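For reference, the structure discussed in these notes is given below.
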Amino acid sequence: MEKPLVSVVMPVYNGEKYIQRAVDSVFEQKVSLELIVIDDCSVDGTEKVMAEYKSRGEVRYFRNKTNIGVSGSRNRGVREAKGIYVAFLDADDWWEKDKLKKQLILLEKTGSVICSTGRELMHPDGTSAGKYIPVKQRITYRELLKHNSINCSSVLVRRDVISRFPMEHDDSHEDYITWLKILREYQCAVGINEPLLKYRLSEGGKSRNKWKSAIMTYRVYRYMGFNILKSTVLFISYAIHGLWKYR
């Protein structure tokens, strides 16, 4: 196939139940793309589901030899990517049809390197949870320090940029660290305040346990190089912001 405009990176572990919907939503996007699926040693029928797409030249399926986690899997996908842009999509989420097209137009218009969208929360069975998480049209580094409003499955980012900021530290919010590093250098991200991402809630997600998520957020600041005092101040600000925003 010709060089794609967008490389969609999809890490998956035991995603047999949901991955087909995610993949189908990728192919509903009306842009030139490739889909890179990184299977992190699934032990269910994920590989069998993906075999149904083997005739499609846009699909590139890789299976890790050992389990390397979500950060390592996304990073491998970025290394394999050929597109000008990289989009991330977790195997249990899915997109609205015009998601990538709208983001590409906005990035071209603004000259920004990274774009996020709003998201609708979905129950595990795929029905709406009746809650929409908005995103600002412009997200600065200072704002992002107070609250991570960039969801990984909504992101479209320039490949040359994301290649310099690989995801690390699975014991924290690894994607949050990457967005902070990007915005620290590029100042701001742009957002499309529409529910273009359908975000499936799961009991096993890292952010579902509020105390565990809080600890990981504190670790984010430490990994960003802030000392204990500064990290504590930022964490308190983050917590207050979250209580005010979502109460």
Side-chain angles (χ1 to χ4, degrees), residues 1-83 85-101 117 119-129 151-157 159 162 166-167 170 174-175 195-208:
M1 63 176 293
E2 295 182 2
K3 186 175 181 179
L5 181 58
V6 179
S7 296
V8 181
V9 173
M10 183 181 295
V12 59
Y13 176 72
N14 290 347
E16 174 187 12
K17 188 175 180 180
Y18 300 128
I19 194 171
Q20 185 172 3
R21 187 165 193 175
V23 170
D24 289 346
S25 78
V26 170
F27 291 125
E28 289 177 347
Q29 306 298 309
K30 304 303 181 183
V31 302
S32 168
L33 59 78
E34 64 175 347
L35 172 61
I36 301 170
V37 176
I38 308 295
D39 188 338
D40 200 23
C41 301
S42 295
V43 294
D44 65 351
T46 295
E47 189 169 6
K48 183 178 179 180
V49 173
M50 288 309 305
E52 299 175 11
Y53 298 92
K54 65 181 180 181
S55 63
R56 300 198 63 141
E58 312 98 308
V59 177
R60 301 169 65 201
Y61 175 82
F62 301 90
R63 182 176 174 86
N64 295 331
K65 293 181 179 179
T66 59
N67 187 280
I68 61 175
V70 66
S71 296
S73 295
R74 288 182 184 137
N75 294 339
R76 182 181 181 184
V78 171
R79 290 193 298 270
E80 295 288 348
K82 300 176 180 178
Y85 296 93
V86 169
F88 295 104
L89 179 61
D90 288 347
D92 52 353
D93 300 331
W94 69 96
W95 292 333
E96 288 288 338
K97 292 182 179 180
D98 294 329
K99 189 255 189 192
L100 292 181
K101 183 177 180 180
T117 77
R119 65 190 188 273
E120 181 181 2
L121 303 187
M122 313 300 291
H123 291 302
D125 65 1
T127 60
S128 176
N151 182 273
C152 193
S153 284
S154 79
V155 164
L156 181 65
V157 59
R159 178 167 62 91
I162 192 65
M167 294 187 187
D170 279 340
E174 70 287 334
D175 56 332
L196 301 179
L197 166 64
K198 305 302 181 182
Y199 179 82
R200 196 188 303 265
L201 299 169
S202 71
E203 293 301 326
K206 289 195 296 185
S207 296
R208 297 290 282 172

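Nothing here was measured: the structure is a model prediction, and the numbers come from that model.
Atoms NZ and CD, on Lys101 and Glu96 in that order, are 15.0 Å from each other to the nearest 0.5 Å. Taking NZ of Lys30 as the reference point, atom CG of Asp98 lies at 9.0 Å (rounded to 0.5 Å). Atom CG in Asn151 sits 7.5 Å away from atom CG in Asp175 (nearest 0.5 Å). We find the CZ-CD1 distance between Arg79 and Ile36 to be 11.0 Å, quoted to the nearest 0.5 Å. For the atom pair Glu47 CD and Tyr61 OH, the distance stands at 4.0 Å (nearest 0.5 Å). Between atom OH of residue Tyr18 and atom CG of residue Asp125 there is a gap of 7.5 Å, rounded to the nearest 0.5 Å.
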Practice task
Start with the C-alpha gap between Ser42 and Asp39, add the side-chain angles, then the distance that decides, and say whether side chain to side chain donor-acceptor pair (under 3.5 Å) holds.
Solution key: CA-CA 6 Å; Ser42 295; Asp39 188 338; 2.7 Å; yes
Exercise for the section: Apply side-chain contact (heavy atoms from CB on, under 4.5 Å) to Phe88 and Val78, showing your working. Expected result: CA-CA 9 Å; Phe88 295 104; Val78 171; 3.8 Å; yes
Exercise for the section: Using the side-chain contact (heavy atoms from CB on, under 4.5 Å) rule, take Phe27 and Leu35 through it: C-alpha gap first, then chi angles, then the decisive distance, then the call. Expected result: CA-CA 9 Å; Phe27 291 125; Leu35 172 61; 4.3 Å; yes
Exercise for the section: Quick one: do Met10 and Met50 satisfy side-chain contact (heavy atoms from CB on, under 4.5 Å)? Show the steps, please. Expected result: CA-CA 12 Å; Met10 183 181 295; Met50 288 309 305; 6.0 Å; no
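Checked for salt-bridge contact, Arg74 and Asp40 miss the test: no charged N lies under 4.0 Å from a carboxylate O. Here Arg60 pairs with Glu80 in a salt bridge; the nearest charged N to carboxylate O distance falls below 4.0 Å.
For the pair Ser73 and Pro11, the tightest heavy-atom approach, listed with the atom from each and the gap, is CB-CB, 3.9 Å. The shortest heavy-atom contact between Val12 and Ala91 is CG2-CB, 3.6 Å. In terms of heavy atoms, Cys41 sits closest to Asn67 at SG-N, 3.4 Å. Pairing each heavy atom of Ala81 with each of Val86, the nearest pair is CB-CG2, 4.1 Å.
With Thr117 contributing its side chain and Ser154 its backbone, the two residues share no donor-acceptor pair below 3.5 Å. With Asp93 contributing its side chain and Tyr199 its backbone, the two residues share no donor-acceptor pair below 3.5 Å. A donor-acceptor contact shorter than 3.5 Å is absent between the side chain of Ser153 and the backbone of Leu89. Between the side chain of Gln29 and the main chain of Lys99, a donor-acceptor pair closer than 3.5 Å is present. Although no hydrogens or angles enter the test, the distance criterion places a donor-acceptor pair under 3.5 Å between the side chain of Asn75 and the main chain of Met167. The backbone N or O of Val43 sits less than 3.5 Å from a side-chain atom of Asn14, completing a donor-acceptor pair. Side-chain N or O atoms of Ser128 include none that pairs as donor or acceptor with a backbone N or O of Met122 at under 3.5 Å.
Side-chain contact between Glu58 and Val8 is absent, with no heavy atoms from C-beta onward closer than 4.5 Å. Inter-residue side-chain proximity for Leu196 and Trp95 is flagged as unmet; no heavy-atom pair is nearer than 4.5 Å.
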